[in-house]
Amino acid sequence: MTILRCSATTCIYNKNELCSKGEIDVIGENARYSDETSCGSFRDRNDEAVKSSCADGCGCEKIKIDCKAEKCTYNENCKCTAAAIGIAGDGACDCRETKCDTFECKC
Ligand code: SF4
């Protein structure tokens, strides 16, 4: 499993820059740059519909990451193999405002 630090503190799963979701999906099928990736699991913490269906888990340092950014050096069969990654998304209101900062294109 990968160590995850996440700066998207506006996400309902974010607990002190750790993620409480247990597993996340990173998207960006044809990404060649970090900016073309995003955390598909981001949910705005003010979204009432999500709030009510969300267990209030603790932030875990290690997390399972499914990733569609297959051009990334760390991607093996749509799983992230990096030891540690950073998701960036200060002030994000939407998943498109987040990105995997660790993305490195093998292209
Ligand atoms: S480091 Fe690469 S494989 Fe891992 S989540 Fe980020 S983009 Fe996906």
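Remember, it's 1-based here, ligands and their atoms both numbered in the order they're listed. Since we're looking at a predicted model, the values are computed, not measured.
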> Without hydrogens or angle criteria, can the side chains of Asp90 and Ser7 be said to hold a donor-acceptor pair below 3.5 Å?
Replying inline: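 Per modelled atom types, Asp90 and Ser7 side chains form a pair under 3.5 Å.
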> From Thr10 OG1 over to Phe42 CZ, what is the distance, rounded to the nearest 0.5 angstrom?
Replying inline: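 The distance works out to 3.5 Å.
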>> Which residue in the set Thr98, Ile87, Asn75 passes side-chain contact (heavy atoms from CB on, under 4.5 Å) when paired with Val26?
In response: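 When side-chain contact (heavy atoms from CB on, under 4.5 Å) is applied between Val26 and each of Thr98, Ile87, Asn75, only Ile87 qualifies.
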Is the side chain of [X] donor-acceptor paired with the backbone N or O of [Y] at a distance under 3.5 Å, no angle test?
| X | Y | answer |
| --- | --- | --- |
| Thr81 | Glu76 | no |
| Ser41 | Asp25 | yes |
| Asp101 | Ala88 | no |

>> Could you enumerate the protein N, O or S atoms under 2.8 Å from atom 6 (Fe) of ligand 1, written like residue then atom name?
In response: Cys100 SG
